[in-house]
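Some notes on the structure that comes next.
Indexing begins at 1, ligand by ligand and atom by atom, following the structure's order.
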Amino acid sequence: MKTDCVVVGVFEGRDMTAAAKAIDRAAKGHLAGILKHGDLEGKLGTTLLLHGVPGTSAERVLLVGLGKADELGPKQYREAVGAAVRALADGGAADAVIYLAEVRVKDQDRSWALFHGAAAAADATYRFHRLKSKKNNRKGLSKIALGLTGKPTAADANAVKRGAALGAGQGLAKDLGNLPSNICTPSYLAKQAQALARTHKLKCQVLVQKDMEKLAMGALLAVTKGSREPAKLIVLEYHGAGKTHKPVVLVGKGITFDTGGISLKPSAEMDEMKYDMSGAGSVLGTIAAAAQMQLPVNVIGVIPTCENMPGGNAIKPGDIVTSMSGQTVEILNTDAEGRLVLCDALTYSERFEPDAVIDIATLTGACVIALGGVATGLYSNDNQLAQDLLAAGQSAWDRAWHMPLWDDYQEQIKSPFADIANIGGRPAGSITAACFLSRFAKKFKWAHLDIAGTAWRGGKEKGSTGRPVPLLTQFLMARADKR
Ligand code: BES
Ligand code: MN
Ligand code: ZN
C-alpha cells in the first residue's frame, strides 16, 4: 500500500508478526538485521521508527512492541495500537497503515481487533487545543488505515466503521468534559444536543425552568436555585428500531460546574468540577455513536443540567423539597446535588415506558476511593441488566464493577423530618448515593454507573477520558446484534 508509514508488530524475543515478516522478506532481511542489533526487544508499547526500508513503497516503517505473544490480550493490543499512534502523532507522517488486526489476541477474533484498532487509534489521537491562541500549523497525522493481508470482507469494513463511530462519540464526550464551565453551560449542552439532532435526524426537546416547574421537579429546581445560568432538561431521541421495541433511556448527570453550593467545596482542584457533566457528555457521545452506526435500537437520552452554586437564593442545609415523584427530601448537604437532579430525571423517564433506564453520573468521591480510575461503579435492581453491562464493559475494555445495593444500606439515608435524606454519612458513600437513586427507580429495570473515578484523569495528563461511552455503545451494539 502507498502510505507515509506502515506499522507492524514485534513480539518480545524479537519475534516478528506475519505482516512484519512480509516486509522483512521484501527488504531481504533488513528488519531481522535491525532487531538483531537490539534496537527493539519487543517490549509492549515500545516503538522504533525506520526510514528507507528497502523493498517497500512506504516512506517509513514503524515497529511496535507487542510484549509476549501468549500474553497478548485486549489491554495489550489496545496499548500497542495507542503507542503506535502516539509515536506517529508528532512525527512527519501524514498517513499510516496499521497492520495489527491479524495478530492473535486472546479470546478475540479479527472483527474485534478491527473494531478496537479503530477505536483505540481514535482514542490515542485525541487532542484538545481549541482554546490555545497559537494554532499548531504542522500538518501531522491526518489519516490512519487498518491493513489486512487478504481482501477485507463486509464484516471487516463494518467493524472498522463501528470503531470509528465509537471513536467519534467518545471524542465528543471528551470535548464536552474538557470544555470549561464558562463555555460548557447547560444552554451549551442543549445546543450540542440540538446539533446532534440535526446531523443524525433525531428528535430533541429542551425543557426550561417553567416546564420543570409544571412537572413539579422540586429536587432538580432546588439545585439550580443559587445559579444565574438557566437549567435545562434535554431529551434526545434516537429511533433506530420499530415502535414495538421499548427504548433504553440513558440519564446523564449534567452539572456543568459543582462548587458544592452552600456546603462549599475546598478550593484545591475545584477546577475539576467542570467534569461534573461527564454523565451528560457520555449520553450525547453514546447516542451520536449509535446513530452513526445506525444501530437497530431505540435510545432516549435524558439530561438534567444546571450549575451547583452558592448564592443568596441557594438551597441551604436542612431545606426540605418535594421531588417530582412526591417523595420529600431533606437536603443535609448541598454538595450531594447529583442525586437531586437525577431523581427527578428518573421519575420523568417513566413516561417513555422504558425497557431499561441507565443513569450515568460523576456521583461520589467515595467511588473514586473505592475503585479509583480503573473501574466504574455499577449498581442495579436487575441482575440480567447488570450482567449485560458488566459484559459490555469487559468487551469494550471500559470496565465496571458490580457493587451491592442491599437494603441494609438504606438505613443510612433515613430522615427524621422528610421521606429521605440526601446523604448517608461517610461509610459506603457511593452505595448510599445509589440507594437514594433506587427509591426513584422502582417502576423499571434500572442501573446506575458511578463514573466519578473513570470519566477523567487528574494530574499532569489531566483531561476527560470519554468513559463510559465505549461500555454504553457496546451494550447497545450487543442489544442490536441479539435481534
Ligand atoms: N460531583 C461530586 C462527586 C465527585 C467528587 C466527582 C470527586 C468527582 C470527583 C458530587 O456532587 C459530590 O460532591 N459528592 C459528595 C457527596 C457527599 C456530600 C455525600 C462527595 O462525594 O463528597
Ligand atoms: Mn457535589
Ligand atoms: Zn457533583
inquiry  = Tell me whether the count of non-hydrogen atoms from other residues, nucleotides or ligands lying under 6.0 Å of CD in Gln294 goes above 12.
reply    = no

message = Does the plane of the ring in Phe440 sit parallel, tilted or perpendicular to the ring in Phe436? Use 30° and 60° as the thresholds.
response = tilted

ask   = What atoms of ligand 1 come closer than 4.0 angstrom to any heavy atom of Trp456?
value = 8 (C), 9 (C)

task = Anything under 30° is parallel, anything over 60° is perpendicular, the rest tilted; go ahead and classify Trp456 against Tyr275.
result = parallel

request  = Return the residue, atom name and 0.1 Å-rounded distance of the protein heavy atom closest to atom 12 (C) of ligand 1.
outcome  = Asp335 O, 3.2 Å

Presence of N, O or S from Asp276 under 2.8 Å of the Zn ion (ligand 3) = yes

ask   = Between Asp258 and ligand 1, is there a nitrogen or oxygen pair with a distance under 3.5 Å?
value = yes

ask   = Can you list the atoms of ligand 1 that are under 4.0 Å from a heavy atom of Ile423?
value = 19 (C)

Side chain, backbone, both or neither: Lys265 near ligand 1, heavy atoms under 4.0 Å = side chain

ask   = Does a side-chain N-to-carboxylate-O contact under 4.0 Å join Arg479 and Asp388?
value = no

note = So for Asn308 against ligand 1, with non-hydrogen atoms under 4.0 Å, the contacting part is neither

ask   = Any idea which protein heavy atom is nearest atom 18 (C) of ligand 1, and the distance to it?
value = Asn333 ND2, 3.5 Å

task = Just let me know how Glu269 lines up against ligand 1, side chain, backbone, both or neither, with a heavy-atom cut-off below 4.0 Å.
result = neither

ask   = What atom name does the N, O or S atom of Glu337 nearest to the Mn ion (ligand 2) carry?
value = OE1

inquiry  = Any salt bridge linking Glu337 with Lys253? Criterion: basic side-chain nitrogen under 4.0 Å from a carboxylate oxygen.
reply    = yes

query = Do you know which N/O/S atom name in Glu337 is closest to the Zn ion (ligand 3)?
reply = OE2

query = Numbering the atoms of ligand 1 from 1, which are under 4.0 Å from a heavy atom of Thr362?
reply = 1 (N), 2 (C), 3 (C), 6 (C)

Shortest protein heavy-atom distance from atom 16 (C) of ligand 1, along with the residue and atom involved = Arg339 NH2, 3.8 Å

task = Indicate yes or no for a side-chain donor-acceptor contact from His116 to the backbone of Ser395 under 3.5 Å, with no hydrogens or angles considered.
result = yes

task = Looking only at protein heavy atoms, identify the closest one to atom 7 (C) of ligand 1 and say how far it is in Å.
result = Met273 CE, 3.7 Å

task = Using distance alone, determine whether Asp276 and ligand 1 share an N or O pair under 3.5 Å.
result = yes

task = Answer yes or no: is there an ion pair linking Asp481 with Arg162, defined by an N-O contact shorter than 4.0 Å?
result = yes

inquiry  = So if I count the atoms of ligand 1 from 1 in the order they appear, which ones are less than 4.0 Å from some heavy atom of Ala452?
reply    = 6 (C), 8 (C)

request  = Using a strict 4.0 Å threshold on nitrogen-to-oxygen distance, state whether Asp258 and Lys274 make a salt bridge.
outcome  = no

query = Should Leu207 and Lys232 be marked as a side chain to side chain contact (heavy atoms under 4.5 Å, CB included) after you check the CA-CA gap, both sets of side-chain angles, and the distance that decides it?
reply = CA-CA 6 Å; Leu207 278 63; Lys232 310 276 175 188; over 6 Å; no

Top protein contact for atom 10 (C) of ligand 1, by heavy-atom distance = Leu363 O, 3.3 Å

note = Given the options Val251, Asp359, Ile300, Ser349 meets side-chain contact (heavy atoms from CB on, under 4.5 Å) only with Val251

ask   = Ion pair present between Asp271 and Lys462, side-chain N to carboxylate O less than 4.0 angstrom?
value = yes

request  = Under 4.0 Å from a heavy atom of Glu337: give me the atoms of ligand 1 that qualify, with their elements.
outcome  = 11 (O)

task = Do me a favour and list the nearest non-hydrogen protein atom to atom 20 (C) of ligand 1 with residue, atom name and distance?
result = Gly365 N, 3.8 Å

inquiry  = With a 4.0 Å cut-off on N to O distance, would you call Asp419 and Arg439 a salt bridge?
reply    = no

ask   = Short list, please: which atoms of ligand 1 are under 4.0 Å from a heavy atom of Lys253?
value = 1 (N), 10 (C), 11 (O)

query = Backbone or side chain, does Asp258 get an N/O/S atom under 2.8 Å to the Mn ion (ligand 2)?
reply = yes

task = Report, rounded to 10°, the angle at the Zn ion (ligand 3) between the two atoms OD2 (Asp258) and NZ (Lys253).
result = 170°

inquiry  = Quick one, Thr376 and Arg399 - any side-chain contact, counting heavy atoms below 4.5 Å?
reply    = no

